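Here is the structure we will look at.
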There are 2 protein chains.
Amino acid sequence: MTVTLADVAARAQVSPATVSRVLNGNYPVAASTRERVLKAVDELDYVLNGPASSLAAATSDLVGILVNDIADPFFGIIASAIQSEIGGPGGRAGGERLAVVCNTGGSPERELTYLTLLQRQRAAAVVLTGGAVEEGPQAAAIAAKLRKLADAGTRVVLCGRPPAPDTRAIALTFDNRGGARQLTEHLIGLGHRRLGYIAGPEERTTTRHRLEGHREALAAAGVEEDPRWTVHGRYDRRSGYEATLELLRRDPTLTAVVAANDSVALGACAALRESGMRIPEDVSVAGFDDLPFSVDAVPSLTTVRLPLADAGARAGRIAMSREDPPPGGIATIRGELMVRGSSGVPRG
Amino acid sequence: MTVTLADVAARAQVSPATVSRVLNGNYPVAASTRERVLKAVDELDYVLNGPASSLAAATSDLVGILVNDIADPFFGIIASAIQSEIGGPGGRAGGERLAVVCNTGGSPERELTYLTLLQRQRAAAVVLTGGAVEEGPQAAAIAAKLRKLADAGTRVVLCGRPPAPDTRAIALTFDNRGGARQLTEHLIGLGHRRLGYIAGPEERTTTRHRLEGHREALAAAGVEEDPRWTVHGRYDRRSGYEATLELLRRDPTLTAVVAANDSVALGACAALRESGMRIPEDVSVAGFDDLPFSVDAVPSLTTVRLPLADAGARAGRIAMSREDPPPGGIATIRGELMVRGSSGVPRG
DNA sequence: CAGTGGATAGAAAGCGCTTGCTGCCAGGTT
DNA sequence: AACCTGGCAGCAAGCGCTTTCTATCCACTG
């Protein structure tokens, strides 16, 4: 059998209640008693029973983090930052929290399932990262679930995701539209007029916002846009590679390719290079996010830096109530245009 | 108040026991009754109380995954693969498991703390990834903890980590030594005789094994080695950058730089390039792991591919007892040499 | 028609912990 | 000297579920 609170109590010659209080440190206990208890805990190698504790106290020390793809550094960086703030080892004492990182693969169904699982565990907080899917019956179901979680006392924070109205969820949103706009303005400023755009999956907010920003910039500069210049794909390198070949097929005269994110941009670079085009002499390329590897690409990638780690850390603190939520429960986090080697003056 | 089993039972006009059995599906319940219960569950929007369930059943559906750095794709890929196998949404029905991904930062203390936290939660399984620290009092403490976890019925699997004797832990080990050896043999075969080596942190098994493989290859080929040609650092790009500058300072005549992993190699490339050297004409560079971005580097990186996703998936299945452990509880997973553009014949 | 066994459903005893309330004692008041 | 007042410790009642054991009902069997 495993050691229980009662065993410790017996050995320390106190009541179970006292042991519990020593362990939780939320009630005065005489120093001598505390010591005796701690000694017993140590000698018996006692480990608290988490489920029992959670049940009795009606709280849990689990914090859920939902990400689209844990293998993608975009989410890895955010998750890492959140985790470093929610306590756990390394955080300040007391709040030893366990982060539950859930891979949704971007699927709303799985997102919903994970939220239910977290609700079942009575998670202390839940942080949802990355864009949301805005259509389909699932979207409403997710909003309803978030509301329920909030009602049950789980703090819900959205990081890099648009606000979810009527859910009481705190939202730290990336200014994807503004960033994309700046980026395209930069390219237009260099003289580009024929810009291909590799967008992410259709129904995602991030995709839409970045695309809208791009188009705003074009419209504002009076640059015409051919619908064939936009291709949708996934947020990965492979997709960028394929989409670029497609763009080149559709219109070989493009002078710039704007990608939905850095991974896609890298794929685009590979495709361009294999097609015999130089970057940026023949075609300029731009990404988004400024992930760590982007600066290492050759040429280094012009992109929009998103303060992923900062945002994640802030989300983590808010989830732990260690920082006040932004006014109105919504904060917009801006990106910063990083002009680097992959963008230049168009040829000809 | 939240809805409880009893509420559902009342509404369905059955006993709580029956509701529990319907939900768990581990006991015969008449179809009509089941339907009535399910209807009540649905109407009341009932969500099982996880802690209560775990307490009563003395089991939990949490699976711990320990990683050094969740922002590093090396671990992200493994974690993602593990998670896709341990059930959760998307996995087969029944075993809805929650993956708890814990960031240890490579620190044995935090590893230990997380293991205790998982033990407290009565985790169903724990997967430890990445190299271990082999010295210090913590190493023994971790082994002891693993033993205790195993004794308590938690399945312990090591993925990409050397076997831990006397712990009953299943180990899927990467053949770091063999991979490193092959890689260096390749460079020697090209004609390199003055090879710099950027190693990882000193006390880690992965660092040691890769370095040993490198030296074995040198020794086998009768190539002399200058101790100044080895620099230790961290497993990140920055470290590779700095270490390379240091190597260049120590001996500008090196014709190749072997890095502890791909991120380090990328940093090395950046440093070399900034120092005015061409890759591979002036200096060849090699990495390890073959992370997704490595093929995109310019020139693409010569490295050793580790089947991260496969290994993770296998670890996940073993953790879930869906696959038999390897004979002896230990399996060695080989890497595959990927010769690409960053390595070439030395100058002169 | 009593007897038997399979299939279901319920009663109730926990699982190991937390916490409101009560009790006790020492030191300080009046 | 009787009376408070705090500071600590213990009692005991759950927290919401699982599961063993028991009860019931029916359909058959002999």
Side-chain angles (χ1 to χ4, degrees), chain A residues 1-38 40-41 44-62 94 96 117 119-124 152-153, chain B residues 1-38 40-41 44-62 94 96 117 119-124 152-153:
Chain A
M1 252 325 276
T2 56
V3 182
T4 72
L5 240 209
D7 299 328
V8 176
R11 184 171 244 268
Q13 316 238 53
V14 296
S15 72
T18 301
V19 177
S20 170
R21 302 206 254 244
V22 168
L23 262 23
N24 290 299
N26 53 7
Y27 195 85
V29 173
S32 64
T33 311
R34 182 199 324 286
E35 234 165 80
R36 209 148 24 96
V37 169
L38 257 19
V41 165
L44 294 178
D45 215 1
Y46 170 69
V47 175
L48 189 69
N49 183 314
S53 173
S54 294
L55 171 58
T59 62
S60 120
D61 45 11
L62 254 36
E96 303 245 307
L117 244 31
Q119 181 183 14
R120 175 178 299 185
Q121 297 299 334
R122 306 298 189 253
Chain B
M1 251 327 276
T2 56
V3 183
T4 72
L5 240 207
D7 300 328
V8 176
R11 182 170 245 267
Q13 316 237 52
V14 296
S15 72
T18 301
V19 177
S20 170
R21 302 205 256 244
V22 167
L23 261 24
N24 290 298
N26 53 8
Y27 194 87
V29 173
S32 63
T33 313
R34 180 198 326 287
E35 236 165 78
R36 205 146 28 92
V37 170
L38 258 17
V41 165
L44 294 177
D45 218 359
Y46 170 69
V47 175
L48 189 68
N49 183 314
S53 173
S54 293
L55 171 58
T59 62
S60 124
D61 44 12
L62 254 36
E96 303 244 306
L117 243 33
Q119 181 183 15
R120 174 179 300 184
Q121 297 298 334
R122 306 300 190 251

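Owing to the predicted nature of the structure, the values given are computational and were not obtained by experimental measurement. All values below were derived from every heavy atom in this structure, side-chain atoms included, with hydrogens, water molecules and symmetry-related copies excluded. A, B, ... follow the sequence lines: proteins, then strands. Residue 1 opens every chain.
Relative to the side chain of A:T4, the nucleotides D:dA12, D:dT19, C:dG16 differ in distance, and C:dG16 lies closest.
The phosphate of C:dG10 (OP1 or OP2) has a side-chain N or O of B:T18 nearer than 4.0 angstrom. Regarding contacts with the backbone of D:dT18, a side-chain N or O of B:S20 is found under 4.0 angstrom from either OP1 or OP2.
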Can you check side chain to side chain contact (heavy atoms under 4.5 Å, CB included) on B:L62 and B:R122, steps first, answer last? CA-CA 8 Å; B:L62 254 36; B:R122 306 300 190 251; over 6 Å; no

Full working for side chain to side chain contact (heavy atoms under 4.5 Å, CB included) between B:N49 and B:T4: CA-CA 8 Å; B:N49 183 314; B:T4 72; over 6 Å; no

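For residues 21-37 of chain B, proximity to DNA chain C is found at B:R21, B:Y27, B:P28, B:V29, B:A30, B:T33, defined as any non-hydrogen atom under 4.0 angstrom from a strand atom. Within residues 50-59 of chain B, the residues having any heavy atom under 4.0 Å from DNA chain C are, by residue number, B:L55, B:A56.
Atom OG of B:S60 and atom CZ of B:R120 lie 14.0 Å apart (nearest 0.5 Å). Expressed to the nearest 0.5 Å, how far CG of A:L5 lies from CG of A:L44 amounts to 11.0 Å.
Separating the CG atom of B:D61 from the P atom of D:dT18 is a distance of 11 Å, rounded to the nearest angstrom. A straight line from CZ of B:R122 to P of C:dG16 spans 8 Å, rounded to a whole angstrom. Atom-to-atom, CG of A:L5 to P of C:dG16 comes out at 10 Å; the value is rounded to the nearest Å. Taking atom CG of A:L44 as the reference point, atom P of C:dG16 lies 15 Å away to the nearest angstrom. Here the C1' atom of nucleotide D:dG16 and the OH atom of B:Y46 are 7 Å apart, to the nearest Å. Taking atom CD of residue B:Q13 and atom C1' of nucleotide C:dG10, one finds them 14 Å apart after rounding to whole Å.
Between B:R36 and B:T33, the closest side-chain pair of non-hydrogen atoms falls below 4.5 Å. The closest side-chain heavy-atom distance from B:S53 to B:L55 is not below 4.5 Å. A:V47 places none of its side-chain heavy atoms less than 4.5 Å from the side chain of A:T2.
A side-chain donor from one of A:Q121 and B:D61 sits under 3.5 Å from a side-chain acceptor of the other.
Although no hydrogens or angles enter the test, the distance criterion places no donor-acceptor pair under 3.5 Å between the side chain of A:D7 and the main chain of A:V3.
Backbone-only engagement by A:V14 is indicated by non-hydrogen atom pairs under 4.0 Å involving sugar-phosphate atoms exclusively.
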